[in-house]
Asks: 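There's a structure below that I have some questions on.
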Amino acid sequence: MMQVKMGKKEERARPEKLSVYLYIPNIVGYMRVLLNCVAFAVCFSNKTLFSLLYFFSFCCDAVDGWCARRFNQVSTFGAVLDMVTDRVSTACLLVVLSQVYRPSLVFLSLLALDIASHWLQMYSTFLAGKSSHKDVKDSTSWLFRLYYGNRIFMCYCCVSCEVLYIILLLIAKNQTENLLNIVVATLTQITPLSFLLALTLFGWSMKQTVNIIQMKTAADVCVLYDIEKQHKKP
């Protein structure tokens, strides 16, 4: 009898679980993953198509957030899917750039910083009992608070990073480019591209600074958690 009741409960739970997977913002998230898969499949053979698909996928990040609020379909799974998609797509692009430019360590270091800072921030959020990794009101860094507290500034920094990486891929002539030479040569030309490169470089630098602050702040939270836990031991 108990097994029958348990079976009925499971049957009732399955549609609810499936419905979360089929939330509109989550479907948008799946589309982003598919777009990125196609984009990276052609990243060396058709850089223009790659750039269009990758940037469209990036823009859909704002669409799924809007859908989540508009249709009241905010979910933990959706938030994780969103962050994982962002981090993996950026990581893949940085790996591609590491194959195009020298020294490749520059892009691999940026990849490590991006993943480490966001992973530590998510974990420290869990330890602090906060509901969102964007809750940084108690931070002593004004730049960190500005980044997560001002959507326009955060959007500018994030867009700058992705656009900068796309520009670097587009202007590369071969797979043994010197990064510094290409950037300097582009900036010294008085063209719309040089202006866009300079604009994105500033936003990119702000984003990397925030990543460093985020990593240090999150690491401090983890350390303080350990100290407090040891202090409570009898």
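Each residue takes its place number in the sequence, starting with 1. Everything quoted here is computed from the prediction, not taken from an experiment.
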Asks: Could you work out, with salt bridge (charged side-chain N to carboxylate O under 4.0 Å, His left out) as the rule, every residue matching R87, not counting sequence neighbours?
Replies: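 Listed in chain order: D114.
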Asks: On a heavy-atom basis, which atom in A172 and which in E177 lie closest, and how many Å separate them?
Replies: C-OE2, 3.7 Å
Asks: With sequence neighbours left out, write down each residue that passes ring-ring contact (aromatic ring centres under 6.0 Å, His included) with H133, or none if nothing qualifies.
Replies: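 Partners of H133 by the ring-ring contact (aromatic ring centres under 6.0 Å, His included) criterion, ordered by chain and then number, come out as Y148.
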Asks: Does V183 form a side-chain contact (heavy atoms from CB on, under 4.5 Å) with L201? I'd like the steps, not just the answer.
Replies: CA-CA 10 Å; V183 171; L201 268 172; 4.2 Å; yes
Asks: Around atom OH of Y123, are there more than 12 heavy atoms from other residues, nucleotides or ligands closer than 6.0 Å?
Replies: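 Not more than 12 within 6.0 Å, no.
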Asks: As a quick check of understanding, evaluate side-chain contact (heavy atoms from CB on, under 4.5 Å) for Q208 and C161, giving each step before the final call.
Replies: CA-CA 9 Å; Q208 304 317 308; C161 276; 3.5 Å; yes
Asks: Report yes if the side chains of L93 and Y54 come closer than 4.5 Å at any heavy-atom pair, otherwise no.
Replies: yes
Asks: Donor-acceptor pairs under 3.5 Å, side chain of residues 61-79 to any protein atom, not counting sequence neighbours: which ones?
Replies:
residue	atom	partner	partner atom	Å
R69	NH1	G65	O	3.3
Q73	OE1	I24	N	2.8
S75	OG	G78	N	2.9

Asks: Would you check if F44 and F50 make a side-chain contact, meaning some heavy-atom pair closer than 4.5 Å?
Replies: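 A side-chain contact under 4.5 Å is absent here.
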Asks: Could you pull out the closest heavy-atom pair between K47 and L169, with the gap in Å?
Replies: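 In this case the closest contact between K47 and L169 is NZ-O, 2.9 Å.
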Asks: Name the orientation class of the two ring planes belonging to Y165 and F107 (parallel below 30°, tilted from 30 to 60°, perpendicular beyond 60°).
Replies: perpendicular
Asks: Kindly say whether M206 contributes a backbone atom to a donor-acceptor pair with the side chain of Y147 at under 3.5 angstrom?
Replies: no
